[in-house]
Every structure is written in structure tokens, then in C-alpha cells.
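Only one structure is covered here, and it is reproduced in the block below.
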There are 2 protein chains.
Amino acid sequence: MDKIDRKLLNLLQDDASRTNAELAELVGLSPSSCLRRIRRLKESGVISHVVALLAPAKAGRGMKAFVTIELERHGEQYMRDFLERAAQETAVTQAYSVSGQTDAVLMLRLTDMDEFDALCERLFRERSNVARYYTMFVIRTAKEVTAIPL
Amino acid sequence: MDKIDRKLLNLLQDDASRTNAELAELVGLSPSSCLRRIRRLKESGVISHVVALLAPAKAGRGMKAFVTIELERHGEQYMRDFLERAAQETAVTQAYSVSGQTDAVLMLRLTDMDEFDALCERLFRERSNVARYYTMFVIRTAKEVTAIPL
DNA sequence: CGATTCTGTGCAATAAAATTGCAATCGACA
DNA sequence: TGTCGATTGCAATTTTATTGCACAGAATCG
């Protein structure tokens, strides 16, 4: 993992639809060398996926929310159960167990409030182990990148 | 935006490195038709980017944290200032203003605690407008997808 | 109801891009 | 300084993307 690899990764994290020739040009390598490096980065798992990102609003899910959750009972198994149930919800795009007063954090992508209500019913109220949950609706997105700084 | 478009978007959100011929096969179209649809989806902005996703641990940023922030003074301009400063930090991958008791939420990708400490110093303590901040370190990631369900 | 337009389709030809073999070069290390 | 292993660039080859074109279906309008 040298300087060129990092440069390549930064470029690919920003826009993976560039042609290999273009990337080669940008990092100052021949196309073949460049391609071999990229392949190596994929095989080693540093690059885990190449995906298309959609504009949330145009995909009909412009509403975002964070939910912090405190569980009633705090065993490892309870946490596992809750996260598993949460992960199965399509509106849940991120689900974590965390340190601190809060036990879990969810990131939601919603179409409307009805969907939110139905989700809360299933996840937090219906025979659940949730003691308290606190919802923060996203008002403004100042930054949202998938790139990991190198 | 018909059924085939949605299918294409789901496929591309999952893996955008597939060849056009493969995608065409999967949605039951000819390669040329398929390509034209994808181009249309890009031009219309539904597909906003195509990016490489890295394995955080292998990229040296395995540590994640959420921070909720309450500001001292609550004007629009104060919020704007804070978010702008936060967004400039490379460790901050997501920055939002939110509804509720909390004013802002940050998502952090960190290499170590020293980086966290330095970030807090810059963002929360150094002549800042932050009244209180609460950090939740991610213990387990149960789900983390970029795909928007369609 | 029929003519017309518009949008989308498949096929085949073309252009562009990725991929590979190979010889040369670079750099670490003895 | 010589040797080994890894990386490079070039050029040939293969694969993939792209485009022109004619046709089919749906919607529009008189």
C-alpha cells in the first residue's frame, strides 16, 4: 500500500466509473500497471464493493432519521435479537450497538411518517424489549460521504 | 421509472461492477436497451455516483462513533457555522442538523483515540459554541448499507 | 376510429476499453 | 555489486461499451 495505491483508492472512492486509462493517467502509470493494482486492491479486500449511489429524494426516500435505543434488559442475547430484527427492516440502513447510556443506534431512510409509525410499532412497541427510544429527524445534511479518508 | 428500472437500480446498488451484458441478461433486456436505461438513470440524477467502498479496518479506520451535539446558542447561523467546521474534518463522514433536544449528529470514522481527542478539542472545546456533546462508540455493526430500498 | 408521434426495443457494426504475455526495469538485500 | 522478486510498459488480443438503424407498442390528437 504505497502512495499510488492510496491515490487510486481516493479516486475510486470518489468516482469508480472512470476508465482505467483515465485512472492510469491521473496516477501516472500505464493502463496495465494501473489495472493490476486495482485488481490487487479488490482481491485483498481493501476495495470491498463497487456500488451505485442514488439520490435519496429521487428514489422516494428523502426522509432520514436517527433513533437511539435503550433496552429494557441488557444481555448480549437481547442485544443480538434486537439488532437482528432491526436489520431486517428495509427502512433501516444502519444498525449498531454502541457504548454509553444508549444501547443501539439506527439510521432510517423513510418515505413518509406512516412508514415511520409502522416501523416504531414493529420494532419498539410490539412485544419488544425497548425501554426508551429517541428519534432525531434529519433537518439538513451538511456532509454525507462513503469515502474513508486515507 | 418502471419495474425494470427499479430492478436495474437494485442490481447497481448492490454491485455496479457488473458488465452491461450481465445486467441486460438479469433484467431480460438486450445490452443496448439496458445501457440506454442506465444512461438515462444517470442523466436524470437518480444514480448520483458510482463509487468504490473500502473495508474500514483494512483502510485503517475501523473505529466508528456517533456524536450528538447541543449548541450553546441556537441561531441558524450558529448551526451553519458548526456544521461547516464539522464537515471540513476528514474524520467526519456524516454531519446533520436534527430535530429534538439534540441539535446536530456526527458520524466519525477514526483510526485511534488520539485522533478522537484531537477532533473533540478542535470541534467541541476550542472557542466553540458547543454546550454538551455525547459520544457513542460503535461496538458492533449489525447493518450498514448504502442501498436505498425501492 | 385511424393517423401520427413518441418512446422504447433488438440487431449488427463500430469504437472503446479491459486484459494478457512478455521482456525490461527497479529496488531491497545479501 | 550481484541476485531475486516484484512492478512496470508495450503491444497484441479479447472483451465490453456504444451507436445507427429499422421496427413495435403505447399514447395523443384530430
Side-chain angles (χ1 to χ4, degrees), chain A residues 1-62 90 111 145-150, chain B residues 1-62 90 111 145-150:
Chain A
M1 263 276 260
D2 61 3
K3 202 167 176 177
I4 294 182
D5 279 334
R6 274 189 292 277
K7 204 165 170 184
L8 267 177
L9 288 174
N10 280 331
L11 288 166
L12 289 171
Q13 285 192 107
D14 179 61
D15 179 6
S17 69
R18 273 184 271 244
T19 67
N20 182 50
E22 195 175 344
L23 288 168
E25 166 84 36
L26 287 169
V27 301
L29 280 182
S30 71
S32 56
S33 267
C34 183
L35 189 70
R36 274 185 275 252
R37 274 176 184 263
I38 293 171
R39 187 188 305 159
R40 198 155 41 72
L41 289 168
K42 282 181 183 168
E43 278 167 1
S44 70
V46 179
I47 297 175
S48 64
H49 294 292
V50 176
V51 300
L53 301 181
L54 308 191
K58 298 197 179 181
R61 287 191 180 258
T90 57
T111 59
V145 297
T146 54
I148 294 172
L150 291 175
Chain B
M1 263 277 260
D2 60 4
K3 202 169 177 177
I4 294 182
D5 279 333
R6 274 190 292 278
K7 204 165 171 182
L8 267 177
L9 288 174
N10 280 329
L11 288 167
L12 290 171
Q13 286 192 104
D14 180 61
D15 179 6
S17 68
R18 273 184 272 242
T19 67
N20 182 51
E22 195 175 344
L23 288 168
E25 166 84 37
L26 287 168
V27 301
L29 279 183
S30 70
S32 57
S33 266
C34 184
L35 189 70
R36 274 185 275 253
R37 274 176 183 263
I38 293 171
R39 187 187 306 161
R40 198 157 43 70
L41 289 168
K42 283 181 182 168
E43 278 168 1
S44 70
V46 179
I47 296 176
S48 63
H49 294 291
V50 176
V51 300
L53 301 181
L54 308 192
K58 297 197 180 183
R61 288 193 181 256
T90 57
T111 60
V145 297
T146 54
I148 294 172
L150 292 174

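Any value given below was found using the heavy atoms of this structure, including those in side chains, with hydrogens, waters and symmetry copies removed. Lettering of chains follows the sequences in order, A, B, ..., and the numbering in each one begins at 1.
Separation of atoms CD1 (B/Ile47) and CG (B/Asp5) is listed at 9.0 Å; rounding is to 0.5 Å.
Listed candidates were D/dT18, D/dG9, C/dT20. Nearest to the side chain of A/Arg39 is C/dT20. Of all nucleotides listed (C/dT20, C/dA12, C/dG8), C/dT20 comes nearest to the side chain of A/Ser32. Distances from the side chain of A/Leu35 to the nucleotides C/dT19, D/dC10, C/dG10 place C/dT19 closest.
Around the CD atom of B/Glu22, the shell of radius 6.0 Å holds more than 12 heavy atoms that belong to other residues, nucleotides or ligands.
Formation of a donor-acceptor pair under 3.5 Å by the B/Gln13 side chain with backbone atoms of B/Ile148 is found in this model.
Atom pair B/Arg40:CZ and D/dT18:P shows a separation of 16 Å (rounding to whole Å applied). Atom CZ of A/Arg37 and atom P of C/dA18 are 17 Å apart (whole Å). Note: CD (A/Glu25) to P (D/dG9) measures 12 Å, nearest angstrom.
Between C/dT7 and B/Arg36, no contact under 4.0 Å exists linking OP1 or OP2 to a side-chain N or O. The phosphate of D/dG9 has OP1 or OP2 within less than 4.0 Å of a side-chain N or O from A/Ser33.
Comparing the local axis fitted to the first five base pairs of the helix from C/dC1-D/dG30 to C/dA30-D/dT1 with the one fitted to its last five gives a bend of 40°, rounded to 10°.
If you check residues 10-24 of chain A against DNA chain D, you find no residue with a heavy atom closer than 4.0 Å.
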